[in-house]
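Sending over a structure as structure tokens; questions will come in a sec.
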Amino acid sequence: MTSRTDLPPADGAAEVVPPSRPSMGRTALVLGAFVAIGPLTIDMYLPALPTIVTQLQTTEAAVQLTLTGTLVGLALGQLVIGPLSDALGRRRPLLAGTALHVVASLLVLLAPNIAVLGVLRVLQGVGTAAGAVIALAIVRDLYEGRAAATMLSRLFLVIGAAPVLAPTIGGELLRFTSWRGIFVLLAVYGLALLAVGARALRETLPPEARRPLRLGATVQTYRGLLRDRTYLGLVLVAGLTMAALFSYVAGASFVYQGQFGLDQQQFGLLFGAGAFWLIAATQLNPLVLRWAAPSQVLLAGTVAGLLAGVVLLVLAATGTGGLAGVVAPLWVVLFAIGLALPNAPALALSRHGEAAGAAAALLGAVQFGVGALVSPLVGLLGNDARAMGLVISCALLLGTGVLVLLVRPWQLVAETGPDAVTAAH
């Protein structure tokens, strides 16, 4: 299957998709770098959460709300930036959002209290929303069929692996700097993205393909998306799966360091070790899809994650196995999420290529919005392994219920053909 850039350009579109377009590998690297800024911003400071509690003289729940603030910014930002990119093109909103992230990251150096830090985290989330939503829209602009599937696979690998690897990076950085220094590094990363984006990223949405930037048109687009029962169900499943992941992300530092006494570096290494299982599942996914439909793999991953979450809850509630009794089922949960994570978004986006920006925006908004709602629950329930297991189990139980009752995977298998299967590769 050829990419859309292989077709002769329409009149006036030569400067939008120039003949000297970057290779697929180069495009994947650039878009992956923009996608990664979101998970890095969310998670890199996690090993420092207990330190922030002490230095800003606040509570654990209040510090966890700064994580929620970032997720809220990501959710709301995507709802605005997605339609904006459908109207103005991809490049300008992407660079503007990244610039906002840089400014907010630098202002964290001056944050005197938890309230100001929380506001700046929301602004960071809005800025990173540009990379999260526009990267997916660019893939829809440039590629179709198997080429699009390959690109989406690479981006979903970043989306899945970065949240788990980021705390490991943050833990190592804390050997040499304070928690505020982590935000300096994020600002430097954002500046590097601006430089790369300005030179290497071309506009991919020609003027004739853009949609009107009117409130009524935007509302109508979202209304049409929400009327698609299958799309809506897949978006909710993606959000609840991400909520399970963020429950782990939000609570792990307090569980590993507070409950089991690990230091910042030990926490970072153990947390990062879980990335192996997440990455292994995402890479196994294309092989599994040779004999199973993506909706079937999605159902299997969601149910397996639910069962592992229940095992985690039981072991944590009874104190069985100590640290190993927490880590082992958590790694199974991560492996199961790695199977589910690429398939729900890929199936959802494959249904609405005509409004790629809005479809990706709604998908991302629900993913991070549900994560924002669920993450504080771990803190409110006690910030221990039992609380984390309870929230993970409930999120995946709801996800399984939505998948069975709303998406109805057996019907989706009948409705989709070979192209839909490759869409999740």
Side-chain angles (χ1 to χ4, degrees), residues 29 31-52 63-64 66-71 73-74 98 101-102 104-105 108 117 120-121 124-125 127-129 131-132 135 154-190 192-193 242-257 262-280 282 330-331 333-334 337-338 341 364 367-368 371-372 375 378 388:
L29 286 174
L31 295 183
F34 275 99
V35 166
I37 195 172
L40 291 175
T41 299
I42 294 169
D43 299 336
M44 197 181 291
Y45 82 136
L46 291 180
L49 291 186
T51 302
I52 296 174
V63 171
Q64 282 179 314
T66 64
L67 174 62
T68 301
T70 313
L71 299 177
L74 266 163
T98 305
H101 173 272
V102 170
S105 298
V108 168
L117 178 61
L120 292 174
R121 291 287 286 169
Q124 278 189 311
T128 60
R154 293 172 180 173
L155 294 186
F156 287 136
L157 176 60
V158 173
I159 293 170
V164 187
L165 292 173
T168 304
I169 299 172
E172 292 302 311
L173 286 173
L174 289 172
R175 293 177 180 269
F176 312 103
T177 185
S178 69
W179 63 270
R180 295 183 193 266
I182 291 175
F183 290 92
V184 174
L185 182 63
L186 287 171
V188 172
Y189 182 70
L193 285 181
M242 190 67 80
L245 180 60
F246 279 129
S247 300
Y248 166 60
V249 167
S253 62
F254 295 103
V255 171
Y256 287 159
Q257 295 182 73
L262 303 185
D263 61 29
Q264 292 174 337
Q265 284 70 43
Q266 289 172 331
F267 158 70
L269 291 173
L270 184 58
F271 195 91
F276 169 81
W277 301 103
L278 192 69
I279 293 171
T282 59
L330 273 175
W331 284 357
V333 169
L334 289 173
I337 289 175
L341 191 63
Q367 281 187 309
F368 290 107
S375 295
V378 179
M388 188 165 58

Practice item. Report the residues that fulfil side chain to side chain contact (heavy atoms under 4.5 Å, CB included) with A252, sequence neighbours left out, ordered by chain and then residue number. Key: Y248, Y256, F267, F271

Review point. Under the side chain to side chain contact (heavy atoms under 4.5 Å, CB included) test, which residues partner A244, sequence neighbours left out?
Key: I337, I392, A395, L396

**Study point:** Set of side chain to side chain contact (heavy atoms under 4.5 Å, CB included) partners for L185, sequence neighbours left out
**Key:** M44, L173

Point to revise | Partners passing side-chain hydrogen bond (donor to acceptor under 3.5 Å, both in side chains) against S178 (at least two apart in sequence or in another chain) | key: none

Check your understanding: Hey, does L245 have a side-chain heavy atom less than 4.5 Å from the side chain of V333?
Key -> no

Check your understanding: Mind checking what makes side-chain hydrogen bond (donor to acceptor under 3.5 Å, both in side chains) contact with Q266, not counting sequence neighbours?
Key -> none

Review point. Are any non-hydrogen side-chain atoms of I52 and L117 less than 4.5 angstrom apart?
Key: yes

Point to revise | From CA spacing to verdict: side-chain contact (heavy atoms from CB on, under 4.5 Å), I182, L174 | key: CA-CA 8 Å; I182 291 175; L174 289 172; 3.9 Å; yes

**Study point:** Partners passing side-chain hydrogen bond (donor to acceptor under 3.5 Å, both in side chains) against T41 (at least two apart in sequence or in another chain)
**Key:** H101

Point to revise | Counterpart residues, side-chain hydrogen bond (donor to acceptor under 3.5 Å, both in side chains), relative to T66 (two or more places apart) | key: Y45

Review point. Of the non-hydrogen atoms in V102 and A187, which two are nearest, and what is the gap between them?
Key: CG2-O, 3.8 Å

Practice item. Would you list the pairs meeting salt bridge (Lys or Arg N to Asp or Glu O under 4.0 Å) in which at least one residue belongs to residues 175-184, sequence neighbours left out? Key: E172-R175

Exercise for review: State which residues pass ring-ring contact (aromatic ring centres under 6.0 Å, His included) with F34; sequence neighbours excluded, sorted by chain then number.
Suggested key: none

Exercise for review: Please assess F246 against I42 for the test side-chain contact (heavy atoms from CB on, under 4.5 Å), listing each intermediate value before the final yes or no.
Suggested key: CA-CA 10 Å; F246 279 129; I42 294 169; 4.0 Å; yes

